[in-house]
Number of protein chains: 2
Amino acid sequence: MNPTDHIPPVLTLAEAKAQFVHTWGVSGANWGVSKTLAQVHALLLVSPGALSTEDLMEQLKISRGNASMTVRELLDMGLVYKELRPGERREYFIAEKDMLQVTRCIIRVRKRRELDQMKRSLDQLANLPGDPADAEYRAFHATLTDIQQLATVSDKLLTRLMQAERSWFWDKFIKLFT
Amino acid sequence: MNPTDHIPPVLTLAEAKAQFVHTWGVSGANWGVSKTLAQVHALLLVSPGALSTEDLMEQLKISRGNASMTVRELLDMGLVYKELRPGERREYFIAEKDMLQVTRCIIRVRKRRELDQMKRSLDQLANLPGDPADAEYRAFHATLTDIQQLATVSDKLLTRLMQAERSWFWDKFIKLFT
DNA sequence: CACAAGTTTCAATAATTATTGAAACTTGTG
DNA sequence: CACAAGTTTCAATAATTATTGAAACTTGTG
């Protein structure tokens, strides 16, 4: 009896990939993107080569329209690239595999959606005139200013993280926290 | 003509508060909590005193059930406290006004929902055995390891931010980025 | 320019998530 | 313990968001 015979792999590679796609899909829903978007991203991340719309439809069992729109959104986010093959009409897609780049894209997209928009509304409100002698006004204004300051700090932190070079900020963080 | 006569306040305090509640509600939706939850939080943040369920229902035009569940969720998150008044059945609620505390609560809740759960699933997958001679397996494993490392760094960063004392980490960040 | 092989759009529909409101429950008091 | 004054639960419904799939569109080629 071969000594490795009795240690069967728990999952085949294909099964592990499928599970990753599933997991990433669930996580995506928690992150505020659609399950399909996360799954398409996951599938492209673990596929060595580029995939066509047809491949995505088939492997994830989604419609052509869904595949088309989702892929376009991933292209907009910068998480996926088009791969054109000479002499072929069909478009292929390949994921950005460098996790530093992926992180940057995700931070950029989420910052825009979650922070920038709020900041714009707050700036407007915080500058409103009011009677500085009115205690209620002062309280309101103080709360708003606090929130604004927080938003500003978060903004700058995220901007730095986004621009970080692997060599500098990133390594610094890894060293600090690993 | 008094020189200030022709500069009427653009909004009254009440209007500004209403607008803040609205803004915070819209932002809340982008942050992955329900609009109502964000609005209740906003209203409590800008109210000098504590409010009852009845007050919330009336001011935000929401049902009793909604108010009750939303307030409980905010209590669970640690963003809102109960205020009990001797001799009264009715419960009043007051928001945590210290923005450092508020930030901690939000980080904690979001980390749990968005990161911790994903990390658990990933850890399981990344430890799967496979044939190290298989290039496809190595690629898959490398991607997973990268993601895992990223998740770990994010986790530690957020944990630090969460435990940060105003005097230390917080000021450091403010200085670094303001 | 007609056609083949694709992609994109978008109205209809399905799936999901949030909200209502009435009934059940809780708790303090005479 | 009966009642008053609240709170909570949860099934039904409303609102929102995601998905489908067919029609319109695009683009390269004989």
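Below, chain A is the first sequence line, B the second, and so on; all start at residue 1. What you are looking at is a predicted structure, and each value in this text was computed from that prediction instead of being measured. All values below come from the heavy atoms of this structure, side chains included, with hydrogens, waters and symmetry mates left out.
Put simply, CE on A:M57 is 10 Å from C1' on D:dT20, counting in whole angstrom units. Taking atom CG on B:N66 and atom C1' on D:dT13, their separation rounds to 14 Å, with Å as the unit. The interatomic distance linking B:L56 (CG) with C:dT19 (P) rounds to 14 Å, in whole Å. We find that CD of B:E54 is positioned 11 Å from C1' of D:dT7, with the value rounded to whole Å. The distance between atom CD1 of A:I62 and atom P of C:dT7, rounded to the nearest whole Å, is 13 Å. One can place CZ of A:R64 at 8 Å from C1' of C:dT7, the figure rounded to the nearest angstrom.
When all heavy atoms of B:Q163 and B:R104 are compared, the closest pair comes out as O-NH2, 4.2 Å. Taking every heavy atom of both residues into account, A:K97 and A:P48 meet most closely at NZ-O, 4.0 Å.
Between the B:R113 side chain and the B:G32 main chain, a donor and an acceptor come within less than 3.5 Å of each other. For the pair B:H141 (side chain) and B:A126 (backbone), a donor-acceptor distance under 3.5 Å is present. Looking only at distances, no side-chain donor or acceptor of B:S68 sits under 3.5 Å from a matching main-chain atom of B:R64. Between the side chain of A:E96 and the backbone N or O of A:D98 there is at least one donor-acceptor pair closer than 3.5 Å.
Stem regions annotated for DNA chain C: C:1-30 with D:1-30, counting only runs of 3 or more consecutive pairs of Watson-Crick or G-U type with both contacts under 3.5 Å.
With no hydrogens or angles considered, no side-chain donor-acceptor pair links B:N30 and B:S27 at under 3.5 Å. Side-chain atoms of A:D55 and A:S52 form a donor-acceptor pair, as typed in the model, at a separation below 3.5 Å.
Listed by residue number, the members of residues 68-93 of chain B with any heavy atom below 4.0 angstrom from DNA chain C are B:R89. Of the residues in residues 18-43 of chain A, none lies under 4.0 Å from DNA chain C by heavy-atom distance.
Under 4.0 Å is where a charged nitrogen must lie from a carboxylate oxygen, and between A:R85 and A:E83 at least one such pair does.
Separating the CZ atom in B:F20 from the CD atom in A:Q124 is a distance of 13.5 Å, to the nearest 0.5 Å.
Of the residues B:Q117, B:R110, B:K111, the one that meets the side-chain hydrogen bond (donor to acceptor under 3.5 Å, both in side chains) test with B:E114 is B:R110.
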